[in-house]
Amino acid sequence: MRQHKLSLCRDCFLVWVPERVQRTIGKFRMLLPGERVLLAVSGGKDSLSLWDILLRLGYDVDGLYIKVGVLNRDYSSLSQQKVERFAAEHGVNARVVDVAAEYGCSVPELSRRRRGRSTCATCGLVKRHVMNEAACEGGYAALATGHNLDDEAAVLFQNALNWATGYLARQAPVLPASHPKLAKKVKPLIRLYEREMAAYALLQGIDYIYQERPYDKGATTLFYKDLLNQLEQRSPGSKQRFYLSFLQARREGRLLPATAGRVDMEECTRCGQPTTAPELCAFCRLWEVGGRSRE
Ligand code: AMP
Ligand code: ZN
């Protein structure tokens with residue numbers, strides 16, 4: 001691993017990864033021992049490996065799989081199977097939320113009704129809402145996701161290209177529960193490269209779904225990931241420096257004023273989740289299109 005100036009054998013690598021996650025959790029004060037965690041698991045290498053790691057570290061972690069109802073049925077049922085198999089093999093709980101069954105309409109259908117908004121944007125919005133709701137209702141101390149260093153660096157690159165200061169201010173390893181109906185959100189894999197996570201999953205024998213998911217928010221994000229990988233090739237460690245130095249500069253107040261990204265929150269008049277919009281939150285507004293409400 002040229003990025004860390006480190007070479008490890010299989011056995012040491014399998015110890016090093018969980019240790020690095022534990023140090024990340026400690027450094028950013030993500031979780032306290034004994035806290036109940038809800039982990040959003042997609043069936044991919046990152047979230048399934050994170051589940052494995054958090055359990056090894058002794059955390060009490062339940063999984064949440066969100067069935068969005070994608071066009072490619074095989075992809076959807078296969079990823080759900082991977083999550084359920086992992087839960088059964090490890091004797092842990094996996095909660096499945098089926099968007100169509102719970103809210104009356106699948107994400108692709110919803111997105112067809114909402115012309116102008118991409119399926120990816122709709123899917124992201126729905127997932128964030130469901131994740132937050134499940135974490136709050138289940139009384140979990142935190143909601144964890146499997147975002148890795150490459151994911152975060154690509155988002156940072158995109159936000160920096162646009163100097164989107166609001167997004168830059170809120171792109172954080174930990175987002176505190178700033179409202180009773182807002183779960184604390186943590187990303188324990190932010191100091192691990194995507195390649196390291198793939199290696200961990202492979203060496204640990206974790207059975208994950210390889211395929212990229214069908215609607216990739218991807219085209220743009222993948223393009224930025226590719227650019228950053230070219231940079232990394234030339235200068236190992238640059239991806240990590242780009243992201244981690246951003247976090248440090250922001251923490252030390254060298255980047256943005258303390259008030260950047262601060263927004264006033266109201267409660268959505270339908271679901272009660274906090275929102276910056278007056279009356280209905282973006283999730284509830286989704287269901288209003290075409291004059292159909294989900295109630
Ligand atoms: P992605 O946006 O697909 O890169 O996923 C980022 C993170 O969101 C994953 O590591 C998971 O923690 C979570 N996630 C993505 N898709 C799902 C899903 N269908 N159900 C539950 N969690 C998900
Ligand atoms: Zn709402």
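Starting from 1, each residue takes its place in the sequence as its number. Order of appearance sets the numbers: ligands from 1, and atoms from 1 within every ligand.
- Within ligand 1, the atoms closer than 4.0 Å to a non-hydrogen atom of Thr145 are 12 (O), numbered from 1 in the order shown.
- For a threshold of 3.5 Å applied to N or O pairs, the pair formed by Gly146 and ligand 1 contains at least one separation below that value.
- Scanning Ala40, Ala154, Gly43 for the heavy atom closest to atom 22 (N) of ligand 1 points to Ala40.
- Each of Arg191, Lys187, Lys239 was compared with Glu152 under the side chain to side chain donor-acceptor pair (under 3.5 Å) criterion, and only Lys187 meets it.
- Between Asp46, Ile66, Val68, Leu143, it is Ile66 that holds the heavy atom closest to atom 18 (C) of ligand 1.
- Checked against the 6.0 Å centroid criterion, the rings of Tyr103 and Phe283 qualify as a close aromatic pair.
- Atom OH of Tyr200 is separated from atom CG of Asp52 by 4.0 Å, given to the nearest 0.5 angstrom.
- In the displayed structure, Gln81 atom CD is contacted under 6.0 Å by more than 12 heavy atoms of other residues, nucleotides or ligands.
- Remark: Arg195 CZ is loosely packed, at most 12 non-hydrogen atoms of other residues, nucleotides or ligands lying under 6.0 Å away.
- The heavy atom nearest to atom 13 (C) of ligand 1, considering only Lys127, Arg128, Met131, is found in Met131.
- By the criterion of a heavy-atom distance under 4.0 Å, the backbone of Leu64, and not its side chain, is placed next to ligand 1.
- Applying the 6.0 Å contact sphere to CD of Gln230 captures more than 12 heavy atoms from other residues, nucleotides or ligands.
- For ligand 1, the atoms lying closer than 4.0 Å to a non-hydrogen atom of Val41 are 20 (N), 21 (C), 22 (N).
- Atoms SG of Cys268 and SG of Cys271, as seen from the Zn ion (ligand 2), are separated by an angle of 110°, to the nearest 10°.
- Within the 4.0 Å heavy-atom cutoff, Asp151 does not count among the residues contacting ligand 1.
- The shortest N/O to N/O separation between Ala144 and ligand 1 does not fall below 3.5 Å.
- Screening Gln240, Glu232, His4 for a side chain to side chain donor-acceptor pair (under 3.5 Å) involving Tyr193 leaves a single residue, Glu232.
- In Arg234, the CZ atom is not crowded: 12 or fewer heavy atoms of neighbouring residues, nucleotides or ligands sit closer than 6.0 Å.
- Cys281 contributes SG and Cys284 contributes SG; the angle these two atoms make at the Zn ion (ligand 2) is 110°, rounded to 10°.
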